[in-house]
There are 2 protein chains.
Amino acid sequence: MNAPVSAPALTKNQSLVFDVLTRSDAPMSAYTILDKLRDNGFRAPLQVYRALDKLLEFGMVHRLESLNAFVACAHPESECCGHGHGHGSVAFAICESCGHVSEFHDHEVDHRLSDWAKHKGFKPAKTTIEIRGLCSVCAA
Amino acid sequence: MNAPVSAPALTKNQSLVFDVLTRSDAPMSAYTILDKLRDNGFRAPLQVYRALDKLLEFGMVHRLESLNAFVACAHPESECCGHGHGHGSVAFAICESCGHVSEFHDHEVDHRLSDWAKHKGFKPAKTTIEIRGLCSVCAA
DNA sequence: CAATTGATGTAATAACATTACATATTAAAA
DNA sequence: TTTTAATATGTAATGTTATTACATCAATTG
C-alpha cells in the first residue's frame with residue numbers, strides 16, 4: 001500500500017519508457033515516446049500510457065500539465081529534507097524556446113499553499129506548479 | 001498593443017462563451033461549451049476556441065491546465081493590490097469530487113517563484129498553480 | 001472606393017488519452 | 001505442485017481536445 005521507498009523493479013516496458021525519458025533533454029509526449037519505441041516492439045499508445053502510469057506512481061516521472069508531456073524526475077536520488085521521491089510539490093520552469101525544463105522545490109511555496117488549504121479546509125492531493133517562459137540562455 | 005484595462009467590448013461569440021462560463025459553477029471544456037451553444041448557432045470547436053483565446057487574452061477567463069478546461073475569472077472587478085485583471089499569477093484549488101474551483105492569490109508564493117526565476121535568469125511568461133484535492137464540503 | 005484588418009463559418013485533420021477485450025506472465029495460496 | 005489471483009501485455013476501436021486550411025463577411029482607414 002505504501003509507495004516504494006527505493007527504486008522498484010521495473011518491467012520491460014516501464015524500463016524502456018523510463019530510459020527514453022531519461023536520455024531526452026526535453027519533455028516528451030506519450031506519442032513521441034511511442035515513436036521512439038517502435039523498434040522495441042511498441043505498437044499502441046496504451047503501452048506507453050500504462051508504463052507512464054506506473055512511473056508516475058513510483059515518482060520516477062512527472063507529468064507537465066501545461067504541455068501534455070512527461071519528464072524523468074530530476075531529483076538526486078534522495079534529498080536533504082525528506083524529499084527523495086516522497087516529497088510534497090515540485091515546481092517546473094519550462095523554456096518555451098529550447099524546451100529545457102528545470103525542476104525545483106521551494107519549501108516556502110509549499111508552506112504557503114498548504115496553509116491556504118488548511119485555512120480553507122481543502123485537502124490537497126496533488127499540486128501543479130509550472131512556470132513557462134524563457135531560460136537564461138534563450139533570454140539572452 | 002496594451003491589454004485592455006477595463007472591460008473590452010466583446011463580440012457576439014465572445015459574449016456567448018463568457019456568459020456560459022459565468023453561469024457555470026464548475027469548469028467547462030471547450031466541447032462542453034460548444035454543446036451549450038448549439039442553439040445559438042455554434043457548429044464547430046473553432047468558434048469556441050477563438051472566443052476563448054480572446055477572453056484569455058483579456059484576462060476574463062482562465063484555463064485550468066490540469067483539467068483542459070476553462071473558468072470565468074473570479075476576481076472582483078478590481079482588487080486591493082493592483083490585481084484587477086493585470087495581476088501576476090493566480091492559484092486554483094480544484095475539488096475532484098464536486099468540481100468546484102477556488103481562485104486565489106498569494107503574494108508570498110508569487111514572490112518566491114519570481115525570486116527563483118530572477119536568480120536563475122529565467123524570464124517567466126505565465127505561471128500555473130493548481131491544487132487538486134477535496135474541498136471542505138466534500139472532505140467532510 | 002480600395003485596401004487592410006479582424007471576426008466568422010465550415011471542413012478536415014492532428015494530437016492526446018481511454019475503453020474494451022483477449023492473452024500471457026508472475027506470484028501467492030492451497 | 002497445481003490452482004488461483006494479480007499484474008503485465010497486445011491490439012483495436014473509440015473518445016476527447018486542439019489546430020490547420022480556406023472561404024466569406026464586416027468594419028475601419030488611407
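The figures here come from the full heavy-atom set of this structure, side chains too, leaving out hydrogens, waters and symmetry mates. The shown structure was predicted, so the numbers you read here are calculated from the model rather than taken from an experiment. Here is how names work: the chains are called A, B, and so on, in the same order as the sequence lines, proteins then strands, and each is numbered from 1.
Within the model, atoms CE of M28(B) and CG of D35(B) stand 8.5 Å from one another, a figure rounded to the nearest 0.5 Å. Taken to the nearest 0.5 Å, the CD atom of E130(A) stands 9.0 Å off from the OG atom of S66(B). To the nearest 0.5 Å, atoms CZ (F58(A)) and CZ (F18(A)) are separated by 11.0 Å. Rounding to the nearest 0.5 Å places CG of D53(B) at 10.0 Å from CZ of R63(B).
Taking 4.0 angstrom as the limit, N13(B) places a side-chain polar atom (N or O) nearer than this to OP1 or OP2 of dG9(C). Using a 4.0 Å cut-off, no side-chain N or O of K54(B) falls inside it from OP1 or OP2 of dG6(C).
A 4.0 Å heavy-atom criterion places the boundary nucleotides of DNA chain D facing chain A at dA8(D) to dT11(D), written 5' to 3'.
For L67(A) and dC16(C), the CG to C1' distance is 13 Å, given to the nearest whole Å. Spacing between atom CG of L16(B) and atom P of dT8(C) amounts to 9 Å, rounded to whole angstrom units.
Taking the ring centroids of H62(A) and F92(A), they lie under the 6.0 Å cut-off.
Position along DNA chain D of the nearest nucleotide to F42(A) versus P45(B) favours F42(A) as the more 5'-ward residue. Remark on DNA chain C: of its neighbouring residues Q14(B) and A44(B), the 5'-side contact belongs to Q14(B), judged by nearest-heavy-atom nucleotide.
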_Pair F42(A)-N13(A), side-chain contact (heavy atoms from CB on, under 4.5 Å): steps then yes or no_ = CA-CA 9 Å; F42(A) 274 51; N13(A) 286 2; 3.5 Å; yes

*Determine, stepwise, if the pair I94(B) / I131(B) fulfils side-chain contact (heavy atoms from CB on, under 4.5 Å).*
CA-CA 6 Å; I94(B) 302 166; I131(B) 310 176; over 6 Å; no

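For R132(B) and E96(B), the salt-bridge test passes: some basic side-chain N is under 4.0 Å from an acidic carboxylate O. A salt bridge does not link K118(A) with D115(A): every distance from a Lys NZ or Arg NE/NH1/NH2 to an Asp or Glu carboxylate oxygen is 4.0 Å or more.
Heavy-atom distances under 4.0 Å link DNA chain D to S29(B), Y31(B) of residues 28-35 of chain B, given in residue order. Annotation: proximity of residues 46-53 of chain B to DNA chain D (heavy atom, distance under 4.0 Å) is found for L46(B), Y49(B), numbered in ascending order.
Between F122(A) and W116(A), the ring-plane angle classifies as tilted under the 30° and 60° cut-offs.
Distance alone, capped at 3.5 Å, places no donor-acceptor pair between the S24(B) side chain and the V20(B) backbone.
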